[in-house]
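First the structure, in the form of structure tokens, and then the observations on it.
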Amino acid sequence: MPEVYKRHIAKSITWRIIGTIDTIILSWIVTGNPYTGVKIGFSEVLTKMVLYYLHERIWFNIKAGVTKNGDSRKRHVAKTFTWRIVGTIDTMLLAWWISGNPFTGLKIGGIELVTKMILYYFHERAWYKYDFGLQQRRNRELKKKNFQYSDE
């Protein structure tokens, strides 16, 4: 398995942990029932991991916002918005299905628009600083450092 696929799997897992905790807490607050919060949170683990992995693969193949110095902040913002659209629709449908109330799904999804975008942006920024699965970026950084040292 190529190294970049391992990165996307690792990012999917870390994001899902963060996202599931957020969904459980928000669902619990909205429904007033911790059990419903757990059901909604854990029901989306599989769907969201698959959707997030596919989202990562699509964005890996899209070169918008990729510069010679790496990914731009605009790219991270664009990824944040596209993921949030996919994630919110999934949460709303699952919350509606589990609670039996479409308005519960809409409430949870509406709150998640804010909380998940903030959390996702910082998740993206944290992973950007970590080179796991990006041999090309590591090589580019080493060349930069070697070039800087040879100029001194």
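It should be emphasised that the depicted structure is a prediction, and the values quoted were computed from it without experimental measurement. Quick note: numbers below take in every heavy atom, side chains included, and nothing from hydrogens, waters or symmetry partners.
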Q) Between Val77 and Tyr121, does a side chain to side chain contact (heavy atoms under 4.5 Å, CB included) hold up when you go through it step by step? A) CA-CA 7 Å; Val77 170; Tyr121 178 80; 4.0 Å; yes

Just verifying a value: how many Å separate [X] [atom1] and [Y] [atom2], rounded to the nearest 0.5 Å?
X	Y	atom1	atom2	result
Ile62	Lys79	CD1	NZ	9.5 Å
Met117	Thr80	CE	OG1	6.5 Å
His8	Arg57	NE2	CZ	5.5 Å
Leu26	Ile21	CG	CD1	12.0 Å
Leu94	Lys39	CG	NZ	12.5 Å
Arg75	Tyr128	CZ	OH	10.0 Å

Do [X] and [Y] belong together in a cluster built from hydrophobic side chains that touch within less than 4.5 Å?
X	Y	answer
Ile89	Leu54	no
Val30	Ile98	yes
Ile118	Trp15	no
Ile111	Ile108	yes
Ile18	Tyr52	yes

Do Lys11 and Tyr53 have side chains that approach each other closer than 4.5 Å (heavy atoms only, starting at C-beta)?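 A side-chain contact under 4.5 Å is absent here.
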
State, with a plain yes or no, whether a side-chain heavy atom of Tyr120 is found less than 4.5 Å away from one of Arg84.
no

What one should report as the nearest heavy-atom pair of Gly87 and Glu112 is O-OE1, 4.5 Å

Tell me whether [X] contacts the main-chain N or O of [Y] through its side chain, where contact means a donor paired with an acceptor under 3.5 Å.
X	Y	answer
Ser27	Ile24	no
Lys48	Arg16	no
Thr88	Ile85	no
His55	Trp83	yes
Thr47	Glu44	yes

Are side-chain N/O atoms of Ser43 and Trp97 paired as donor and acceptor at under 3.5 Å? no

Taking the basic N atoms (NZ, or NE/NH1/NH2) and the acidic carboxylate oxygens, is any pair closer than 4.0 Å for Glu56 and Arg7? no

Let me see the working for Asn33 and Trp28 under side chain to side chain contact (heavy atoms under 4.5 Å, CB included), right down to the final yes or no. CA-CA 5 Å; Asn33 184 335; Trp28 178 359; 5.8 Å; no

Would you indicate whether Lys107, at its atom NZ, is surrounded by more than 12 heavy atoms from other residues, nucleotides or ligands within a distance under 6.0 Å?
no

Exercise. Quick one: which of Leu46, Ile40, Val45 gives a side chain to side chain contact (heavy atoms under 4.5 Å, CB included) with Phe42?
Worked result: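 Only match with Phe42 under side chain to side chain contact (heavy atoms under 4.5 Å, CB included): Val45.
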
